[in-house]
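Below is one structure, written out as structure tokens; comments come after it.
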Protein chains: 2
Amino acid sequence: MDNTATRTRIQTKNRQAILDAGLAVFAQQGFRGATLDQIAKAAGLSKPNLLYYFPSKEAIHVALLAGLLDTWLDPLRALDADGDPVGEVLAYVRRKLELSRDFPRESRLFANEILQGAPRIGPALSGELKELVDEKATVIRGWAAAGRIAEVDPYHLIFSIWAMTQHYADFDVQVHAVLGPERADPYPSAGAYLDTLFRSLLTPRNVT
Amino acid sequence: MDNTATRTRIQTKNRQAILDAGLAVFAQQGFRGATLDQIAKAAGLSKPNLLYYFPSKEAIHVALLAGLLDTWLDPLRALDADGDPVGEVLAYVRRKLELSRDFPRESRLFANEILQGAPRIGPALSGELKELVDEKATVIRGWAAAGRIAEVDPYHLIFSIWAMTQHYADFDVQVHAVLGPERADPYPSAGAYLDTLFRSLLTPRNVT
DNA sequence: GCTTGATTTGACCATTCGGTCAAAGCAACG
DNA sequence: CGTTGCTTTGACCGAATGGTCAAATCAAGC
């Protein structure tokens, strides 16, 4: 079943349906909160049929997480050392916000995993993730040293971008509760706000 | 058992032990992920004994959430319309960050609840919480209109403060994984970074 | 249309979990 | 020291849950 080369149309279709359903259920209920019956129902399959495609509940979860980190890091990878510093960071913020808007379930799945202490992707965090962040932090530090952006801690800069963009996906319920029904879609104004926020932080001024 | 006036020393002690244990377990495992056995063990009690003090697992969870929102909002309540605008916001940020540092389990409990769609405190969000935020948003808007701080969307300003401060508690594992073992305590540098960030956003300049 | 392998399912199982209960233990007070 | 009411627990229960399996169904090539 894990041999990608040997997949019938039905297999591809059903595996996808299961992953979709699993994403929806895991994102809202967490790993332990999700049940195979819920996932099976959401996928339009019976429970044994679901287990014909994936050996266990955990396998579905792992399959989902596997692709996730990569997609999640793509926007950061695209941060170009040779580009315009402020523009590069702002573009990163924008891409990350779009990810939250377009893939809120993925964001919540990730949030759940981290909240639980990252039992399944812990290693990837201190490996892959840390390496990429270290690399980009060096780039940002270089920009600051050259006076092209203000002096900031690159790690906290990145954390703050993550925190604020993911907030709109993960805490969606709270955001909507506070904004009320009038302002149904917070993303346009959030984009503008974040743009202002990071622009004013990074734009270098009164160079000493 | 819910009559606070009639509490023996033993009752007060054990109820507190249960709430402590519940906080630890719920914060890490989420509501469905937590089991009564885990909580009982963490509290040093037997499961039936635990249910002698609280009628159900849900009752423990509710008791925990009950006090939480209030504590969580106190720092925002303290935002003083008559104080120095930039100073007031920065003080709010600092208090909120201290809350994350000193009560990370409470923060994660809250995060879990929101991620799950706020099934238990949803009403409080669109009630109490929204009212307070609306009130403070008006204050901030007033400051901006008077030219005492830069023009910003007060709601997104508040969201960003929440997001960034809670990030250090909720995504603690990720923060530590990225920073590595050298920078064990991120809070001092996070405080400095957030101070810079919001100061540069809010400080009014080139008044038109 | 028949064979073969892929797909689907009803029935079932072991374990876990929230919760109950009756009985035992214990502290305090007269 | 005996009574009374608070506290603790071992044994148990029913429901839910992850997972199994053998048998039934179906799709596709010959």
Side-chain angles (χ1 to χ4, degrees), chain A residues 1-65 112-113 116 119-120, chain B residues 1-65 112-113 116 119-120:
Chain A
M1 200 58 52
D2 39 68
N3 193 344
T4 315
T6 326
R7 290 250 178 89
T8 38
R9 278 150 291 160
I10 292 188
Q11 274 173 25
T12 335
K13 195 193 87 202
N14 281 348
R15 277 185 62 98
Q16 197 49 52
I18 293 170
L19 289 176
D20 264 10
L23 178 58
V25 178
F26 283 132
Q28 214 227 320
Q29 317 270 6
F31 180 73
R32 296 237 8 216
T35 75
L36 284 179
D37 286 301
Q38 285 175 313
I39 300 175
K41 192 181 171 188
L45 298 172
S46 67
K47 187 170 61 168
N49 198 9
L50 190 153
L51 289 162
Y52 170 72
Y53 291 99
F54 288 88
S56 67
K57 174 180 170 181
E58 171 130 21
I60 304 175
H61 198 242
V62 168
L64 283 169
L65 285 176
N112 260 305
E113 169 71 7
Q116 250 110 81
R120 282 163 249 266
Chain B
M1 199 57 55
D2 40 65
N3 192 342
T4 317
T6 325
R7 289 250 178 90
T8 0
R9 279 150 291 161
I10 293 188
Q11 275 174 22
T12 335
K13 195 194 89 204
N14 280 349
R15 277 185 61 99
Q16 195 50 52
I18 293 170
L19 289 175
D20 265 10
L23 179 58
V25 178
F26 282 133
Q28 215 228 319
Q29 317 268 6
F31 180 73
R32 295 237 10 216
T35 74
L36 284 179
D37 285 301
Q38 286 176 312
I39 300 175
K41 193 180 170 188
L45 298 172
S46 67
K47 186 169 64 168
N49 197 10
L50 190 154
L51 288 164
Y52 170 72
Y53 290 100
F54 287 88
S56 68
K57 176 181 170 181
E58 171 129 19
I60 304 175
H61 197 243
V62 169
L64 283 169
L65 284 177
N112 262 304
E113 169 70 6
Q116 251 110 80
R120 281 162 249 268

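What's counted below: heavy atoms across the whole structure, side chains too, no hydrogens, waters or symmetry copies. Below, chain A is the first sequence line, B the second, and so on; all start at residue 1.
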With sequence neighbours excluded, tell me which residues meet side-chain contact (heavy atoms from CB on, under 4.5 Å) with Gln116(A). Asn112(A), Pro119(A), Asn112(B)

Under 4.0 Å: is that the gap between some side-chain N or O of Tyr52(B) and OP1 or OP2 of dT20(C)? no

Minimum-distance nucleotide to Lys47(A) side chain [options: dG18(D), dT8(D), dG18(C)]: dG18(D)

Given the options Ile39(B), Ile18(B), Leu64(B), Leu23(B) meets side chain to side chain contact (heavy atoms under 4.5 Å, CB included) only with Leu64(B)

Presence of Asn14(A) side-chain N/O under 4.0 Å of dA6(C) phosphate oxygens OP1/OP2: no

Honestly, is Lys57(A) close enough over Phe31(A), meaning NZ or CZ under 6.0 Å from the six-membered ring centre and within 45° of the axis? yes

Counting only distance, no hydrogens or angles, is the base of dG19(C) paired donor-acceptor with the side chain of Lys57(B) under 3.5 Å? no

Side-chain N or O of Asn49(B) closer than 4.0 Å to phosphate OP1/OP2 of dT7(D): no

Can you sort out which residues in residues 31-38 of chain B have a heavy atom within less than 4.0 Å of DNA chain C? Ascending by number, please. Ala34(B), Thr35(B), Leu36(B)

From the set dT20(C), dT7(D), dT8(C), return the single nucleotide nearest to any side-chain atom of Leu51(B). dT20(C)

Judged by each residue's nearest nucleotide on DNA chain D, which is more toward the 5′ side, Pro48(A) or Leu50(B)? Leu50(B)

Side-chain atoms of Ser46(A) come closest, of dT8(D), dG19(D), dT9(C), to dT9(C)

Indicate the ring-plane relationship of Phe26(A) and His61(A), choosing parallel, tilted or perpendicular according to the 30° and 60° boundaries. perpendicular

